[in-house]
Amino acid sequence: MDESQTHVKLSEEKLILKSDILLLLRTYNCYHEGKNFQLRTREEDGEFILEGLLNIYWGLRRPIRLQMHDDNERFRLNRNDSSSLIKQFTEEANNNSVGSESRPAGDDVSGLEEEDSPQLLRTRSDASFMRVQRSSNTRTARDLHRLRSHRFSINGHFYNHKTSVFTPAYGSVTNVRVNSSMTTTQVLNLLLHKFRVENKAEEFVLYMVHESGERTRLRDGEYPLVARVLYGPCEKISKILITEVDLGEEVTYDVAQYIKFEIPVLDSFVEKLKEEEEREINKLTKKYSALKSMIQHQLEGKDHTSDRV
């Protein structure tokens, strides 16, 4: 029987038994019972496919750029309808921000049940937004200043008109609809396309972040949805985080054990390790000194024997 029918890919090199994935999937869907985060399965050309929503947490430290336009969409307004559209845009953006900003950052977001709509009205760059302002001559200077300074929110992610940058709140969550055949790079591209982000996928990486502080990078050839199922459904225990490629860092389990300790406690650990290191150095020094003396003694004995001959 073909491996694609009995196994599921973890990465380009690693496979897991389909029966094992089905057991994990049963647990995963049971955890999300009654929610839209349950995963579906299908067969495609003999290959077993999982598909559904994947939560990704924003962990960016630097702002990211939005595209000038939404694909090929033109943004043209006449004098009569510009005012009403700005009002509609403001109300919709503010409504989107309510749910995200009122939720404490530490809450379990496994209860989020719907994918962020890809049809949300997108904010545009300064160039296109200034066109809206020029087309409306009925607004006062105060109104124009309020529009320029207002930070619209798309699901808690703020857009700054002055700098045309998209600033996701650290630790906030979004989701994308993916399947188990999509690699890390493809998932990143999908996420950036969803929010019309101009930056390239190569600038970012995904990490699986564990409650213990351990961080494992999802490599380009790995499949994030399969990794999500493997690590379980509870995002308090592990979650997927997007961060900059030059700012992210893997943290092993051994190192993660010490992260939550206070500095004085860590200093005492270092002192203990130094003492243990010194003991090991002395032990090895004595051992090899004794071996050296033994070898020299044997060599001297051979020299005396050869002299007698």
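Just so you know, these numbers use all the heavy atoms, side chains as well, and skip hydrogens, waters and symmetry mates.
Between the side chain of D45 and the backbone N or O of E47 there is no donor-acceptor pair closer than 3.5 Å. A donor-acceptor pair is defined here as one N or O able to donate and one able to accept, closer than 3.5 Å; such a pair exists between the side chain of N29 and the backbone of L39. Remark: the backbone N or O of N175 is paired with a side-chain donor or acceptor of K194 at under 3.5 angstrom. Listed for the R26 side chain is no donor-acceptor partner under 3.5 Å among the backbone atoms of L23. Listed for the D20 side chain is no donor-acceptor partner under 3.5 Å among the backbone atoms of I16. Put simply, the side chain of R279 never gets that close to the backbone of K283: no donor and acceptor are under 3.5 Å apart. For the pair S180 (side chain) and L50 (backbone), a donor-acceptor distance under 3.5 Å is present.
For the pair K200 and E203, the salt-bridge criterion is not met [side-chain N within less than 4.0 Å of a carboxylate O]. A salt bridge is absent between R61 and D246; no separation between the charged side-chain nitrogens and carboxylate oxygens falls under 4.0 Å. With respect to K272 and E278, no salt bridge is recorded, no charged nitrogen being found less than 4.0 Å from a carboxylate O.
Nearest heavy-atom pair, Y28 versus V229, reported as atom, atom and distance to 0.1 Å: CD1-CA, 4.2 Å. Between M182 and P224 the shortest heavy-atom distance is O-CD, 3.4 Å. When all heavy atoms of N55 and I240 are compared, the closest pair comes out as O-CB, 4.0 Å. Among all heavy-atom pairs drawn from Y57 and E235, the shortest one is OH-OE1, 2.8 Å. The minimum heavy-atom distance linking R219 with E222 is given by the pair N-OE2, 2.8 Å. Looking at every heavy atom in both residues, P168 comes nearest to L60 through CG-CD1, 4.2 Å.
For the residue pair T184/R217, the side-chain donor-acceptor check at 3.5 Å is not satisfied.
Put simply, CD1 on I242 and CG on L218 are 11.5 Å apart, with the number rounded to the nearest 0.5 Å. Atom CH2 of W58 sits about 6.5 Å away from atom OG1 of T174, to the nearest 0.5 Å. Here the CG atom belonging to L206 is positioned 10.0 Å from the OG1 atom belonging to T183, to the nearest 0.5 angstrom. In this structure, OH in Y207 is found 6.0 Å from CD in E250, a value given to the nearest 0.5 Å.
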* Should T252 and R215 be marked as a side chain to side chain donor-acceptor pair (under 3.5 Å) after you check the CA-CA gap, both sets of side-chain angles, and the distance that decides it? -> CA-CA 7 Å; T252 64; R215 284 188 175 208; over 6 Å; no

* Stepwise side chain to side chain contact (heavy atoms under 4.5 Å, CB included) test for V8 and Y223 -> CA-CA 10 Å; V8 176; Y223 302 93; over 6 Å; no

* **E43 vs K18, salt bridge (charged side-chain N to carboxylate O under 4.0 Å, His left out): CA-CA, chis, key distance, verdict** => CA-CA 12 Å; E43 296 279 343; K18 178 180 174 181; 3.0 Å; yes

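Atom CD of E33 sits in a sparse spot, with 12 or fewer heavy atoms from other residues, nucleotides or ligands closer than 6.0 Å. More than 12 non-hydrogen atoms from other residues, nucleotides or ligands lie less than 6.0 angstrom from CD of E275.
As a member of the Ile/Leu/Val/Met/Phe/Trp/Tyr network built from side-chain separations under 4.5 Å, I295 groups with L299.
Cluster membership for L230 and L225, using ILVMFWY side-chain heavy atoms within less than 4.5 angstrom, is shared.
V205 places none of its side-chain heavy atoms less than 4.5 Å from the side chain of L188.
Ring pair F48/H7: centre-to-centre distance not below 6.0 Å.
For R42, the salt bridge (charged side-chain N to carboxylate O under 4.0 Å, His left out) partners two or more places apart in sequence, or in a different chain, are E44, E51.
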